[in-house]
Amino acid sequence: MDQEGINVNQGGKVEIKNATFNFGEKHDALSVKQKLDNLEAGVSAFFGRDRDRVRIDDLFAQQRDGLPIVLITGMAGVGKSELALQYAKSKRDEHRGGVAYLNAATFLDGLQDFVMNPYTNIAGTADLRLHNSQPKTKARIAWDLWARFCKEENGSALIVIDDVTDFRGQIADFLPNPGAQAEPLPFRFVLTSRERWGDLPYFELEELELGEAIAMFGHFAGEKYREHLAENWASVESLCDRLGRLPLALALTGSWLAMSEGSSTLEELIAALDREGLASSALEVNPLETRTIAQQGLEAAFRVSWDVLPKLDKSAQQLARVLSVFVRSDLPWDLVEQVAAIYPVWLPEPEPEPEPRRSWWQKVWDWLRGLFGKRSASRSEPLPPKVMPSPIAPIRDLERSRVALCRASLLREVSAGVYRLHPLLHEFFGLQWGADHDRDGWKLAWITGVGDRAAAVPAELDWEMLSDYQNLRLQFAEASAAALCWSMDLRQSQSEPMVRRHLNALHSSLNAGLARLEQEPAFARTFQQAGATHQQMKAALARGDREAANRFYEQTLQGYERAIEQGRQVMSADSLRLAGFLHKVSVFYREVGRYREGIPLAEEALV
């Protein structure tokens, strides 16, 4: 008996009879509770700043029109990034649309990754790489997807953009445009920077209160120093003042005591800092003098921490120098391990050119000369064996060196296997290279290691896999530029042709890897095309064109099935993105009345 709707007869012919479809119903990807933030753990302890968090709220409340932005500014090392992170953590429950913590240097990439990440599921099955458009357009599409998600969740979103060094170049062009929207945008932005930018609402973060500074210093010094610090309270107060009450300086000097495990005293720490130029006076009322004192305290804290490293590990200082060669961004430690394993880079001598073919009389002449113990002058001497170069400045034990830097609070693990250097420490370490430390050798190892990683980027990347490369994109781009500049310098000086050829090959490999990161995967392309045909089928049904609807139906079905097969080849079985595709196709089967065929896909999506 004929039924209403789309009926599939023997042979697969589709008939549409008296169909009434409700296509207004919304079918999302799996309605699974997703993780709507990417906030890291932060420091082991956070002190004070309650008043500053209230100031952020007040500045937001004062903004009635435009895009709500609050800029946290202040001197280096005062704790701007940590305050922004802790503020974002405290606001998780208030922002149902998500909380993102992005770095200004990779702002657009970070925005796209957050929106596309299957664990946030903001974009559903959309893929921003399918839009071969300008960066501004990609940013607009990402904001549109996020705004739609916020509306569905009936909530707002908070975005922290850390370490802005060029607001116009890094951020301004990629922010959402509130004037182009009929409704207020659901976004709030917190920025951190050492500078003030235009007329952005801001407040300057000041040093910690004395009590908060003492508590932070004591925390990093550890339990073994509790009584010792209590007995020398006046000296602790004076030291915190002389350090400018800056969180970074307090963490470094407190860790200096902790590393001695009770064998050093507060007086010895103060004496070491004095030798390194610690300001003799406490904080002044004059802001300029306060900044000078704080800067001197920070530099002295750097020096005493640096000087103690050889006692923890002989190669710790060399590792610190090497980390300054990497781009200042969150650093996957397996990349550091790869670079350390490559150093020193061995570039084999090119194979000698084959001897020219000799005539028969030359061969006879060589034979005759051989009878008398002589050889032809044209016959080359055997090549000496190839010897690997000896490392000039190696890292003897990478793991011990890493632990030493972490113990000294000079390096911090922000997530599993990912580490971060404070910008000031990155600058400080970069100034410690000397003639015996082989900076060029390590720079070549860095470019080579990053180039090898770029060459390993697969041709087909799901966004779950692509997010693993987020911390490498900036390394790829900077290593490519460094390889090109170095190669051009060598070309002008007509020196080291092997190194120049090696750098040129790495430059090409790095650019190819970056291109693959931007390339849309085949399954996403196929799925988008099937979705477009699906819409054409709906339109044909709406105007009563059965023949066109049947044709589009077959094309849609084939496209969805092909996309699923392509996705299974690239994505793991537990991929949330694959589950989203499966769910979409199962909904399609339900729409056309083929419930039974959609059930296995729906079940697979839920496994």
Side-chain angles (χ1 to χ4, degrees), residues 105-106 306 309 314-349 388-398 401-402 405 410-411 419-457 469 471-514:
T106 56
W306 180 258
L309 284 179
K314 292 182 179 179
S315 295
Q317 287 184 340
Q318 182 64 5
L319 173 58
R321 295 186 191 98
V322 170
L323 292 180
S324 73
V325 175
F326 289 81
V327 180
R328 181 167 59 84
S329 65
D330 289 352
L331 195 58
W333 198 253
D334 60 349
L335 179 62
V336 180
E337 293 172 336
Q338 185 172 350
V339 170
I342 288 172
Y343 175 84
V345 177
W346 178 51
L347 300 177
E349 295 286 343
M388 291 285 290
S390 300
I392 299 173
I395 299 171
R396 300 297 180 186
D397 190 329
L398 183 64
S401 299
R402 180 193 64 79
L405 292 181
L410 295 170
L411 181 68
Y419 289 78
R420 179 182 299 169
L421 278 179
H422 191 283
L424 289 179
L425 291 172
H426 189 275
E427 295 173 14
F428 176 77
F429 293 158
L431 297 173
Q432 308 310 310
W433 288 98
D436 298 333
H437 302 141
D438 193 19
R439 188 181 190 281
D440 283 349
W442 277 104
K443 182 179 178 181
L444 185 60
W446 166 66
I447 296 174
T448 303
V450 176
D452 290 347
R453 186 65 65 89
V457 176
Y469 288 91
N471 292 325
L472 292 173
R473 283 191 178 124
L474 204 55
Q475 302 288 339
F476 289 176
E478 291 297 321
S480 175
L484 180 61
C485 290
W486 197 351
S487 174
M488 292 176 65
D489 289 343
L490 293 177
R491 183 177 181 180
Q492 290 179 355
S493 63
Q494 297 294 315
S495 60
E496 301 187 76
M498 285 189 301
V499 175
R500 189 168 73 247
R501 285 194 293 269
H502 180 65
L503 290 170
N504 288 338
L506 289 171
H507 175 64
S508 299
S509 179
L510 287 159
N511 285 344
L514 283 167

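Taking the side chain as every heavy atom from C-beta outward, Trp333 and Leu411 approach each other to under 4.5 Å. Taking the side chain as every heavy atom from C-beta outward, Pro423 and Arg328 approach each other to under 4.5 Å. Between Gln432 and Gln317, every side-chain heavy-atom pair lies at or beyond the 4.5 Å cut-off. In this structure, the side chains of Ile395 and Val322 come closer than 4.5 Å at one or more pairs of heavy atoms. In this structure the side chain of Trp446 reaches within 4.5 angstrom of the side chain of Val327, judged on heavy atoms.
Put simply, NE2 on His507 and OG on Ser487 are 8.5 Å apart, with the number rounded to the nearest 0.5 Å. Atom CZ of Phe428 is separated from atom OG of Ser324 by 11.0 Å, given to the nearest 0.5 angstrom. Note: Ile447 CD1 to Gln475 CD = 11.5 Å, rounded to the nearest 0.5 Å. Interatomic distance, Leu323 CG to Leu319 CG, rounded to the nearest 0.5 Å: 4.5 Å.
Between the side chains of His502 and Thr448, at least one donor N or O lies within less than 3.5 Å of an accepting N or O.
Ring centroids of Trp306 and Phe429 are separated by less than 6.0 Å, placing the two rings close together.
No salt bridge links Arg402 with Asp397; every basic N to acidic carboxylate O contact stays at or beyond 4.0 Å.
Shown here is Lys443, whose NZ atom has more than 12 heavy atoms of other residues, nucleotides or ligands within 6.0 Å.
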Take Leu444 and Leu503 through the test side-chain contact (heavy atoms from CB on, under 4.5 Å) and record every step on the way to the result. CA-CA 8 Å; Leu444 185 60; Leu503 290 170; 3.8 Å; yes
